Asks: 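The structure is given below, and queries will be raised subsequently.
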Amino acid sequence: MERPLLTVLLLVGLVIGCAVGSAYARARRGWTDYQTVKKTVPTARRGAWLLIRGVAVKAAVIGLLLFGAVAYAAVGSNDDTAGPTPSPSSTSSKPPHR
């Protein structure tokens, strides 16, 4: 009678041991991954700031170019090579009478 009871207890112990062991392995793996990511955060943050700075510089250059184009368009050009402008011509025909 003791043999079936010992077998059942052994099987229950194995199931509980496997569950606890896999939970411990997951927790240990999670802790290792956390420590790895924690060490890479400063490098990633530095890289993110470099990317943000690059975008800000490009936006500033584009903004300055747009401002210059608007200012140039507002002032107009001093280029006199456009040629003579047409002058109004007088017509010699008489307006029709009513």
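Each residue takes its place number in the sequence, starting with 1. Bear in mind that the values here come from a model prediction, so they are computed numbers and not experimental data.
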Asks: Look up atom CG in Leu5 and atom CD in Glu2, then write down how far apart they are to the nearest 0.5 Å.
Replies: 8.0 Å
Asks: Got a second to check how far Lys38's NZ is from Asp33's CG, nearest 0.5 Å?
Replies: 14.5 Å
Asks: If hydrophobic clusters are built from ILVMFWY residues whose side chains come within less than 4.5 Å, do Val20 and Leu11 share one?
Replies: no
